[in-house]
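Scope of the values below: all heavy atoms of this structure, side chains included, with no hydrogens, waters or symmetry mates. For this chain, numbers begin at 1 and follow the sequence in order.
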Amino acid sequence: MVQAVFQRKDRRITGFTVSGHAGYANKGRDIVCAAVSSAVELTANGITEILHFPAEVDVLKNAISLKTSGELPLDVQAMLDSFELHIRNLQEQFPAFIQIRYLEV
């Protein structure tokens, strides 16, 4: 199962950690893992490479996290909110394969 943990401060997303494997299908055919992975990469690259915001991105064997600090520009906040919405939509479509939690920081 994919675990998505969103960090929030004052009800606003400030970062996330995504870990695990969906287990929807065999490796290379798992559309849930592919959708989540693509969304994670788009969000992390959009924030750090396109918007040039100095977020901390950690990539491990089975997890990726993105952390921000300080006041977030509107475009960075929009990217984080869009990512959360996308993961929630995927979780609604595939509830047995994605778990979402929130952590107040």
Side-chain angles (χ1 to χ4, degrees):
M1 177 176 285
V2 171
Q3 304 282 329
V5 179
F6 290 95
Q7 289 87 39
R8 291 193 293 201
K9 182 176 183 181
D10 300 325
R11 305 187 83 187
R12 299 190 79 68
I13 302 298
T14 60
F16 60 83
T17 299
V18 177
S19 62
H21 294 286
Y24 180 80
N26 291 333
K27 185 177 179 180
R29 299 188 184 279
D30 194 323
I31 61 171
V32 178
C33 269
V36 171
S37 295
S38 179
V40 168
E41 285 190 49
L42 176 70
T43 303
N45 289 335
I47 289 171
T48 61
E49 301 300 317
I50 303 301
L51 300 176
H52 304 288
F53 188 80
E56 179 183 326
V57 178
D58 291 316
V59 180
L60 304 171
K61 182 178 179 184
N62 195 27
I64 186 167
S65 66
L66 181 140
K67 295 178 184 171
T68 63
S69 61
E71 188 69 27
L72 298 183
L74 290 178
D75 49 5
V76 171
Q77 190 67 63
M79 290 283 301
L80 290 168
D81 292 344
S82 296
F83 175 66
E84 181 212 12
L85 176 62
H86 186 70
I87 296 300
R88 280 190 323 185
N89 288 340
L90 287 171
Q91 197 270 335
E92 288 175 9
Q93 293 174 16
F94 303 99
F97 302 97
I98 300 173
Q99 181 180 49
I100 298 172
R101 293 183 303 133
Y102 293 89
L103 178 64
E104 199 68 29
V105 294

Original post:
Who pairs with Gln91 by side chain to side chain contact (heavy atoms under 4.5 Å, CB included), at least two apart in sequence or on another chain?
Top reply: Pro95, Ile98, Ile100
Original post:
When you look at CG of Leu60, are more than 12 heavy atoms from neighbouring residues, nucleotides or ligands closer to it than 6.0 Å?
Top reply: yes
**OP:** Could you walk me through whether Val32 and Leu90 pass the side chain to side chain contact (heavy atoms under 4.5 Å, CB included) test, one step at a time?
**Re:** CA-CA 8 Å; Val32 178; Leu90 287 171; 5.9 Å; no
**OP:** Measure the spacing between CD of Glu49 and CD of Glu41 and express it to the nearest 0.5 Å.
**Re:** 12.0 Å
**OP:** Step by step, work out the side chain to side chain contact (heavy atoms under 4.5 Å, CB included) result for Thr17 and Gln7.
**Re:** CA-CA 8 Å; Thr17 299; Gln7 289 87 39; 3.8 Å; yes
**OP:** Please answer whether the main-chain N or O of Ala34 pairs with a side-chain N or O of Ser38 as donor and acceptor at a distance below 3.5 Å.
**Re:** no
Original post:
When hydrophobic residues are tied together by side-chain contacts of less than 4.5 Å, even through go-betweens, does Ile50 share a cluster with Leu66?
Top reply: no
**OP:** Search all heavy atoms of Ile13 against all heavy atoms of Leu72 and return the closest pair with its distance.
**Re:** O-CD1, 3.8 Å
Original post:
Would a hydrophobic clustering, with Ile, Leu, Val, Met, Phe, Trp and Tyr connected at side-chain separations under 4.5 Å, put Val76 with Val57?
Top reply: yes
**OP:** Nearest 0.5 Å please: distance from the NE2 atom of His21 over to the CE atom of Met1.
**Re:** 14.0 Å
Subject >> Audit row: Leu80, Thr14, side chain to side chain contact (heavy atoms under 4.5 Å, CB included) steps and yes/no >> reply: CA-CA 7 Å; Leu80 290 168; Thr14 60; 5.6 Å; no
Subject >> Straight-line distance of Arg12 CZ to Thr68 OG1, nearest 0.5 Å >> reply: 11.0 Å
Subject >> Heavy-atom pair of closest approach, residues Arg88 and Tyr102 >> reply: CD-OH, 3.7 Å
Original post:
Who else is in the cluster with Leu103 when I, L, V, M, F, W and Y are joined by side-chain contacts under 4.5 Å?
Top reply: Val5, Val105
Subject >> CG/Asp58: more than 12 non-hydrogen atoms of other groups inside 6.0 Å >> reply: yes
Original post:
Which value, rounded to the nearest 0.5 Å, describes the distance between Ile87 atom CD1 and Phe16 atom CZ?
Top reply: 8.5 Å
Original post:
So Tyr24 and Phe94, would you call those rings parallel, tilted or perpendicular, with 30° and 60° as cut-offs?
Top reply: perpendicular
Subject >> Within 6.0 Å of CD in Glu71, more than 12 heavy atoms from elsewhere >> reply: no
Subject >> Closest contact, heavy atoms only, Ile47 versus Met79 >> reply: CG1-CB, 3.8 Å
Original post:
Which pair of non-hydrogen atoms, one from Gly23 and one from Phe97, has the smallest distance, and what is that distance?
Top reply: O-CE2, 3.7 Å
Original post:
How many angstroms lie between atom CD of Gln99 and atom OG of Ser19, to the nearest 0.5 angstrom?
Top reply: 9.5 Å
Original post:
Are Phe83 and Val59 in one and the same hydrophobic cluster, where Ile, Leu, Val, Met, Phe, Trp and Tyr link if side-chain heavy atoms are under 4.5 Å apart?
Top reply: yes
Subject >> Atom pair CG (Leu51) and CG (Asn45), whose distance is rounded to the nearest 0.5 Å >> reply: 11.0 Å
